[in-house]
Structures are given as C-alpha cells and as structure tokens.
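None of the values given here were measured: they were computed from a predicted structure.
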Amino acid sequence: MLLDFVQLFYLKIVLNCRIEIQKMEYQLKTEKSNMTTITEFVLTGFSDIPNSQWILFGIFLVIYLTILMCNSIIIVITSIDPVLQTPMYFFLNNFSFLEICYVTVTLPRMLMDLLTQKGNISLVACATQMYFILTLGSSECLLLTVMAYDRYVAICKPLHYPVVMNNTVCVQLVIASWVSVVPGGIGQTCQIFSLPYCGSNTINHFFCDVPPVLQLACGDTFLNEIAVQLAVVVFIMVPSLLIIVSYGKIIANILKISSASGRAKAFSTCSSHLIVVVLFYGTAIITYLEPKANQSEGTGKVISLFYTIFIPTLNPIIYTLRNKDIMMALRKLISKLLR
C-alpha cells in the first residue's frame with residue numbers, strides 16, 4: 001500500500017515536471033516565433049486624429065512644396081548670380097540642398113500614409129529611413145558649424161578671409177560634412193536593428209526615429225542608449241559648443257566697431273544663421289539627449305515635427321527675408337524671367 005502511494009506520488013511529480021517543461025518549451029517557441037514574425041512596423045502617424053487626415057495631408061503637401069520651391073530658388077540664385085559667388089553663399093547653397101534631402105526622407109512617406117491611412121513599413125525601409133535621418137541630420141549639424149566658422153573668419157580675421165576660406169578649403173569642408181557622418185549613421189542603424197523585436201510592432205510616430213523604435217525593443221537597450229548619447233555629444237553638443245565659441249568671439253569683435261551702421265551690417269550677416277542654429281540644435285538636443293524612459297510619445301512627436309518639417313520651412317524664409325543680397329538677386333532673376 002505504501003509502495004503504491006510512493007509510486008503514484010512519484011508519477012505525479014514526473015507528470016507535473018513534464019507539463020512544466022512543455023509549458024516552457026511552448027513559451028520559448030512562442031517568443032521565438034514572435035521575434036521572427038515581425039517583418040514590418042506600423043507607423044501610427046496622426047491616426048489619433050482621424051477626422052483631420054485630409055486637412056493634414058493638404059497642410060503638409062503645401063509645406064513640402066514650399067520647402068522644395070524656396071530652397072531650389074536659393075540654390076539657383078546662389079549658383080548663377082556673380083555677386084553671390086562667395087564662401088558664405090556656397091555653404092548656403094549646400095545647406096539648402098541638404099534641407100531638400102532631409103525633408104524628402106520623411107515628408108513623402110508621411111503624405112502617402114495620410115493618403116492611404118496605412119502606416120505599414122518594412123524593416124528594411126524603416127532602417128533605411130532611420131539611416132538617412134541620422135546622417136543628414138548630423139551633416140546639417142556639421143554644416144551649420146562650418147557656416148559659423150566662415151562668419152568667424154569673415155568678421156574676426158577679414159584680411160585673412162580670402163586665403164583661409166579659399167575654394168579648395170570650402171569644398172573640403174562641405175565634403176567632410178557629408179562624408180564623415182556616414183560610418184556613424186551605419187553603425188547606429190545596424191546596432192538598433194540588430195536588437196530583438198518580439199512585442200508590439202506599432203511605432204507611435206510618423207517616421208522611424210531612434211527613440212520610438214528603441215521603445216519597441218524587448219532586449220536590453222542600455223548599450224544602444226549609451227551609443228545614442230555618444231553620437232549626440234559628437235554631432236550635436238561639440239558642434240554647438242564650437243558655434244557658441246565662434247559667436248562669442250564674433251560678438252566681441254562686432255562690439256569693438258565704432259560706427260553703428262558697421263555693427264548693424266556685421267550683425268545682419270550672422271543673425272539669420274544664429275536663428276537657424278538655435279531652432280535646429282534646441283529641438284535636436286531635447287529629442288536625442290532625453291533618456292528613453294522619460295521620453296513622452298506625444299511630446300516627442302511634436303518636437304520631431306519642428307526639427308524635421310517646420311524649421312526646414314522657416315530656414316529659407318529666414319535666409320531670404322533677412323538677406324539683402326539674396327533679395328536683390330531674386331528681384332533680378334524675376335525681372336529677367338518677366339522680360
């Protein structure tokens with residue numbers, strides 16, 4: 001009787017163990033299946049306001065066309081007008097082209113999602129979009145720094161300006177701004193998309209930005225967040241400090257100018273660039289320097305709208321309306337076209 005009881009007890013333990021093992025195997029298979037079945041993400045965009053989809057489509061379409069038109073005009077007039085064949089306008093020409101590329105990475109995709117009301121995006125397309133956002137955004141940071149250095153040399157060392165900022169140096173600085181960011185963009189993108197994504201595939205954003213994508217990773221993202229912080233230091237914090245130092249010396253030299261008209265002219269050549277720097281760097285620092293845990297999805301989406309869409313819309317307006325040389329060149333171009 002006792003032996004039968006022991007045997008039954010032993011069989012019960014064995015059965016329970018087998019059941020638990022089967023449960024664990026099933027759980028592991030399910031998790032593995034979830035990790036491998038995510039072949040695409042879904043961008044929610046502005047689906048939380050469904051009744052305004054067509055209004056938003058119209059607004060963003062007008063914004064995109066405005067960005068293309070205004071920056072294209074700047075590229076044309078800085079390329080053909082002899083008065084604007086200077087390093088400052090050479091950098092502005094490249095900056096305008098960079099802005100066109102930058103907004104084209106996000107806006108056409110967002111317009112398509114608003115039109116179809118579907119936000120499905122493959123992993124490859126999402127990774128590609130993130131890579132271009134990171135590289136073009138970093139290039140913009142470096143190019144803004146180069147433009148600040150150009151203004152520093154022009155105002156603080158005017159006699160050496162033609163030698164220091166010659167054509168070869170200008171071309172090299174622009175190429176460095178475009179090329180030096182490529183390894184970092186590839187490394188960041190590969191690192192982020194090597195993480196396991198085994199939960200939700202819904203990205204509460206209108207493009208594949210780093211913070212909302214990292215929120216979906218089910219693995220440990222500590223190293224990825226450290227890598228993002230390092231990238232922010234290299235491509236945002238260091239350039240911004242260089243710009244602050246440059247403008248500190250510029251302002252000190254401007255204040256030494258005796259005539260009020262001379263000071264006003266010197267300030268006018270820097271004010272447009274300074275406004276763009278404050279707007280772009282301010283929003284970029286808030287987006288990428290804030291830890292993932294503290295990142296509010298709604299706030300992050302609004303800030304991203306500013307530095308990816310609204311600020312690129314303001315940039316050509318700031319540079320044209322506050323620049324007499326560009327306005328004169330634009331009037332010449334319009335008068336030639338109307339003849």
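With sequence neighbours left out, the ring pair (Phe, Tyr, Trp, His ring centres under 6.0 Å) criterion links Phe46 to Phe60, Phe206.
Between the side chain of Arg263 and the main chain of Ile257, a donor-acceptor pair closer than 3.5 Å is present. In this structure a side-chain-to-backbone donor-acceptor pair under 3.5 Å is present from Thr44 to Ile203. A donor-acceptor pair under 3.5 Å is formed between the side chain of Thr145 and the backbone N or O of Cys141. In terms of modelled atom types and a separation under 3.5 Å, the side chain of Asp209 and the main chain of Pro211 share no donor-acceptor contact.
Counting only N and O atoms by type, the side chains of Thr104 and Tyr64 include a donor and acceptor under 3.5 Å apart. With 3.5 Å as the limit, one finds a donor-acceptor pair spanning the side chains of His205 and Ser304. Judged by distance alone, the side chains of Asn201 and Glu40 never bring a donor and an acceptor atom under 3.5 Å apart. With no hydrogens or angles considered, no side-chain donor-acceptor pair links Tyr89 and Asp81 at under 3.5 Å.
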Any chance you could lay out the ring pair (Phe, Tyr, Trp, His ring centres under 6.0 Å) test for Tyr197 and Phe41, step after step, and finish with the verdict?
-> CA-CA 10 Å; Tyr197 292 92; Phe41 289 118; 5.5 Å; yes

Is there a side chain to side chain contact (heavy atoms under 4.5 Å, CB included) between Met110 and Ile309 once you walk through the steps?
-> CA-CA 11 Å; Met110 186 171 66; Ile309 296 173; 3.4 Å; yes

Working for side chain to side chain contact (heavy atoms under 4.5 Å, CB included), residues Tyr152 and Lys157 = CA-CA 7 Å; Tyr152 161 73; Lys157 300 181 179 180; 3.6 Å; yes

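Placement of Ile59 and Val103 within a single hydrophobic cluster is found when ILVMFWY residues are connected by side-chain heavy-atom separations under 4.5 Å, directly or transitively. Note: the hydrophobic cluster containing Phe235 does not contain Leu242 (ILVMFWY, side chain heavy atoms under 4.5 Å, direct or indirect links). Tracing side-chain contacts under 4.5 Å through hydrophobic residues (I, L, V, M, F, W, Y), one reaches Leu274 starting from Ile250; they form part of the same cluster. In the hydrophobic clustering of this structure, Trp178 groups with Ile100; members are Ile, Leu, Val, Met, Phe, Trp, Tyr whose side-chain heavy atoms approach within less than 4.5 Å, directly or through other members. Note on Val277: it clusters hydrophobically with Met147, by side-chain heavy-atom contacts below 4.5 Å among ILVMFWY residues.
Within 6.0 Å of atom CZ in Phe132, 12 or fewer heavy atoms from other residues, nucleotides or ligands are found, so the atom counts as exposed in its surroundings.
Note: Trp54 and Phe57 have perpendicular aromatic rings, judged against thresholds of 30 and 60 degrees for the angle between ring planes.
Side-chain contact between Glu140 and Phe95 is present, with heavy atoms from C-beta onward closer than 4.5 Å. A heavy-atom distance below 4.5 Å is found between the side chains of Cys190 and Ile186. For the pair Tyr131/Gln188, no side-chain contact is recorded, criterion being any heavy-atom separation below 4.5 Å from C-beta on. Between Met130 and Val213 the shortest side-chain heavy-atom distance falls below 4.5 Å.
Less than 6.0 angstrom separates the ring centroid of His273 from the ring centroid of Tyr247.
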